[in-house]
Participant: 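Below are the structure tokens for one structure; questions will follow.
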Amino acid sequence: MKIGILGTGSYLPEKVLTNDDLAKMVDTNDEWIRTRTGIIERRIVAEDEATSDLAYKAAKSAIEDAGINKDEIELIIVATMTPDHVTPSTAAIVQDRLGIRAAAFDLSAACTGFVYAYTTGYSFIRAGIYKKVLVIGAEAMTRTIDWEDRGTCILFGDGAGAVVLGETDSGGFIASNLVADGSGACELMIPSGGSRKPVSIETIKNKEIYMQMNGREIFKFAVKVFPETVENVLEQGNITADDVDLFIPHQANIRIIESIAKRFKQSMDKFYVNLQKYGNTSAATIPIAIDEANKEGRLKKGDKLVAVGFGGGLTYGSVLFEWSK
Ligand code: ACO
């Protein structure tokens with residue numbers, strides 16, 4: 001049985017925050033942000049919007065694109081590091097909004113979340129447990145940001161992307177590689193808000209309720225693990241980088257993507273890039289990119305695609321698949 005993507009969707013909040021806007025908030029400037037990251041602007045959730053709102057809209061559009069009845073969805077997975085609440089899961093909220101009967105859970109693997117969720121959804125179908133799975137990557141990253149920390153506030157944005165997985169005539173999932181290295185947990189963390197350090201007046205004062213990131217370490221980590229995980233899925237699929245039609249990398253920093261293109265001796269045309277518009281939307285970057293590439297007509301049946309993620313955990317991983325729409 002071949003298992004692939006039946007439909008894609010995405011949703012970006014309306015509000016745009018430009019580099020110039022940020023320059024009015026912290027000691028930074030458009031030139032620094034563009035040259036060091038490639039980001040020009042990002043989207044920000046409205047005051048009354050949360051991750052499930054973005055996820056729901058992306059999901060609706062993916063179901064429409066798949067041309068299926070929403071009741072055919074048997075499982076919803078939401079990859080997110082910015083759930084609406086610690087509990088209940090954001091996926092359960094999306095299930096209710098969609099008005100369907102389905103199993104639903106969140107998956108926490110930070111920016112690698114979609115790659116983990118894609119593999120998980122595929123595995124449920126492969127095991128014969130469900131026939132159609134809705135896989136969503138959705139984030140309200142700006143809710144975790146310390147707007148006085150120029151090292152993080154320039155990087156992140158909000159958004160959601162979704163795919164419907166199911167049986168296809170051809171192509172589909174080929175290989176996956178998922179890795180975690182918890183020894184680097186402290187490199188990207190929201191220290192307070194979980195069971196280790198519940199929110200208190202003290203943690204609020206110490207800004208421990210915001211994301212703290214060691215940018216340089218994450219950069220080094222990304223450049224090291226990106227080739228490793230791509231090589232792993234290429235080897236499993238018995239193909240080379242030359243055979244890949246489009247790489248869909250996590251959209252964190254253009255310099256990371258450029259260094260990988262160079263390393264694999266591939267032109268940048270083979271790497272989908274939209275980080276200039278949205279910044280880093282964590283688990284949402286890859287499904288948003290897949291949806292945009294799909295809707296732009298950039299994907300042809302039979303194309304070989306590699307989606308690659310890395311981020312908090314630390315986690316990283318890739319999925320190799322063939323476009324079957
Ligand atoms: N504006 C102006 N100057 C700045 C800014 C800013 N926004 N931020 C840092 N600087 C300064 C620094 O203070 C430093 O100054 P100094 O030399 O006087 O000390 C200088 O610029 C260079 O700082 P670096 O941290 O070395 O800059 P770098 O080139 O590494 O870029 C960046 C920083 C953009 C954060 C980069 O390290 C990066 O992209 N890292 C990866 C981050 C990432 O991908 N995180 C997400 C992971 S995914 C997830 O799971 C959520």
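Both counts, for ligands and for their atoms, begin at 1 and track the order of listing. Predicted model only: the values in this text are computed from it and were never measured.
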Participant: Which of the listed options, F221, Y316, F156, W32, holds the heavy atom that is closest to atom 4 (C) of ligand 1?
Facilitator: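 It is W32 whose heavy atom sits nearest to atom 4 (C) of ligand 1.
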Participant: For ligand 1, which atoms, with element, lie under 4.0 Å from some heavy atom of F310?
Facilitator: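 By the 4.0 Å cutoff, the relevant atoms are 48 (S).
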Participant: The criterion is ring pair (Phe, Tyr, Trp, His ring centres under 6.0 Å); which residues satisfy it with F156, sequence neighbours excluded?
Facilitator: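 Not a single residue meets the ring pair (Phe, Tyr, Trp, His ring centres under 6.0 Å) criterion with F156.
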Participant: Which pairs pass salt bridge (charged side-chain N to carboxylate O under 4.0 Å, His left out) with one or both residues in residues 79-105, sequence neighbours excluded?
Facilitator: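 Those involving residues 79-105 are D53-R97.
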Participant: How does N280 reach ligand 1, if at all, at less than 4.0 Å between non-hydrogen atoms: by side chain, backbone, both, or neither?
Facilitator: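 Near ligand 1, N280 shows its side chain, while the N, CA, C and O stay back.
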Participant: Out of G311, A252, A110, C111, who gets a non-hydrogen atom closest to atom 48 (S) of ligand 1?
Facilitator: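 It is C111 that holds the nearest heavy atom.
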Participant: Could you establish whether R255 and ligand 1 come within less than 4.0 Å of each other, counting only heavy atoms on the residue side?
Facilitator: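 Contact present.
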Participant: Any idea which atoms of ligand 1 are less than 4.0 Å away from a heavy-atom of G215?
Facilitator: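 Reading through ligand 1 atom by atom, the close ones are 37 (O), 40 (N), 41 (C).
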Participant: I'd like to know if E49 and R43 make a salt bridge, using a cut-off of under 4.0 Å between side-chain N and carboxylate O.
Facilitator: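 No, no charged N to carboxylate O under 4.0 Å.
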Participant: Go through the side-chain N and O atoms of D106 and T80 and say whether any donor and acceptor fall under 3.5 Å apart.
Facilitator: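 No donor-acceptor contact under 3.5 Å links the two side chains.
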Participant: Looking just at side-chain N and O atoms, do Q236 and N232 make a donor-acceptor pair shorter than 3.5 Å?
Facilitator: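 Q236 vs N232: donor-acceptor pair found between side chains.
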Participant: I want to confirm something. Looking only at heavy atoms, which of M213, M211, M81 is nearest to atom 45 (N) of ligand 1?
Facilitator: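 It is M213 that holds the nearest heavy atom.
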Participant: Would you check whether N253 has a nitrogen or oxygen atom less than 3.5 angstrom from a nitrogen or oxygen atom of ligand 1?
Facilitator: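 Yes, there is a polar N/O contact under 3.5 Å.
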Participant: Within ligand 1, which atoms have a heavy atom of T37 less than 4.0 Å away?
Facilitator: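 Within the 4.0 Å cut-off of T37, ligand 1 contributes 34 (C).
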Participant: Please check if a non-hydrogen protein atom sits closer than 4.0 Å to atom 30 (O) of ligand 1.
Facilitator: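 Given the 4.0 Å limit, the answer for atom 30 (O) of ligand 1 is yes, a protein heavy atom qualifies.
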Participant: Is the closest heavy-atom distance from D27 to ligand 1 below 4.0 Å?
Facilitator: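 So D27 counts as touching ligand 1.
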Participant: Which of the atoms of ligand 1 are close to I154, meaning less than 4.0 Å from one of its heavy atoms?
Facilitator: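 Going through ligand 1 atom by atom, the ones under 4.0 Å from I154 are 7 (N).
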Participant: What atoms of ligand 1 come closer than 4.0 angstrom to any heavy atom of R36?
Facilitator: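 Here the atoms of ligand 1 in question are 22 (C), 27 (O), 28 (P), 29 (O).
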Participant: Do K2 and D169 make a side-chain contact, defined as non-hydrogen atoms from C-beta onward lying under 4.5 Å apart?
Facilitator: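 Not in contact.
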Participant: Give the atoms of ligand 1, by number and element, whose distance to some non-hydrogen atom of L188 is under 4.0 Å.
Facilitator: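 Per the distance check, 47 (C), 49 (C), 50 (O), 51 (C).
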Participant: Among protein heavy atoms, which lies nearest atom 23 (O) of ligand 1, and at what distance?
Facilitator: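 Protein heavy atom at minimum distance: R216 NH2, 3.7 Å.
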Participant: Is there at least one protein heavy-atom neighbour under 4.0 Å from atom 17 (O) of ligand 1?
Facilitator: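 No, no protein heavy atom sits under 4.0 Å from atom 17 (O) of ligand 1.
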Participant: What is the closest protein heavy atom to atom 6 (C) of ligand 1, and at what distance does it sit?
Facilitator: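 The closest heavy atom on the protein side is T28 OG1, 3.3 Å.
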Participant: For ligand 1, which atoms sit closer than 4.0 Å to a heavy atom of H250?
Facilitator: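 Selected atoms, number and element: 48 (S).
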Participant: Number the atoms of ligand 1 from 1 as they appear, then name those within less than 4.0 Å of a heavy atom of G312, with their elements.
Facilitator: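 Ligand 1 atoms under the 4.0 Å threshold to G312: 49 (C), 50 (O).
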Participant: With a 4.0 Å cut-off, strictly under, does atom 25 (O) of ligand 1 pick up any protein heavy atom?
Facilitator: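 At least one protein heavy atom is under 4.0 Å away.
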Participant: Check the orientation of F271 and F247. Use parallel for under 30°, tilted for 30 to 60°, and perpendicular for over 60°.
Facilitator: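 Taking F247 first and then F271, their aromatic rings lie parallel (interplane angle under 30°).
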Participant: Yes or no on ring-ring contact (aromatic ring centres under 6.0 Å, His included) for Y118 and F321, after CA distance, side-chain angles and deciding distance?
Facilitator: CA-CA 11 Å; Y118 186 159; F321 59 108; 5.3 Å; yes
Participant: Begin from the C-alpha positions of V319 and Y122 and carry the test side chain to side chain contact (heavy atoms under 4.5 Å, CB included) through to its verdict.
Facilitator: CA-CA 11 Å; V319 179; Y122 161 80; over 6 Å; no
Participant: What residue and heavy atom of the protein are closest to atom 12 (C) of ligand 1, and at what distance?
Facilitator: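 The protein heavy atom lying closest is R150 NH2, 3.8 Å.
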Participant: Under 30°, 30 to 60°, or over 60°: which ring-plane class applies to F105 and F124, parallel, tilted or perpendicular?
Facilitator: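 Ring orientation of F105 relative to F124: tilted.
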Participant: Would a distance-only check, ignoring hydrogens and angles, find a side-chain to backbone donor-acceptor pair under 3.5 Å from T229 to F226?
Facilitator: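 Flag not set: sc T229 to bb F226 has no pair under 3.5 Å.
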Participant: Does E41 form a side chain to side chain contact (heavy atoms under 4.5 Å, CB included) with V16? I'd like the steps, not just the answer.
Facilitator: CA-CA 7 Å; E41 58 187 40; V16 175; 3.6 Å; yes
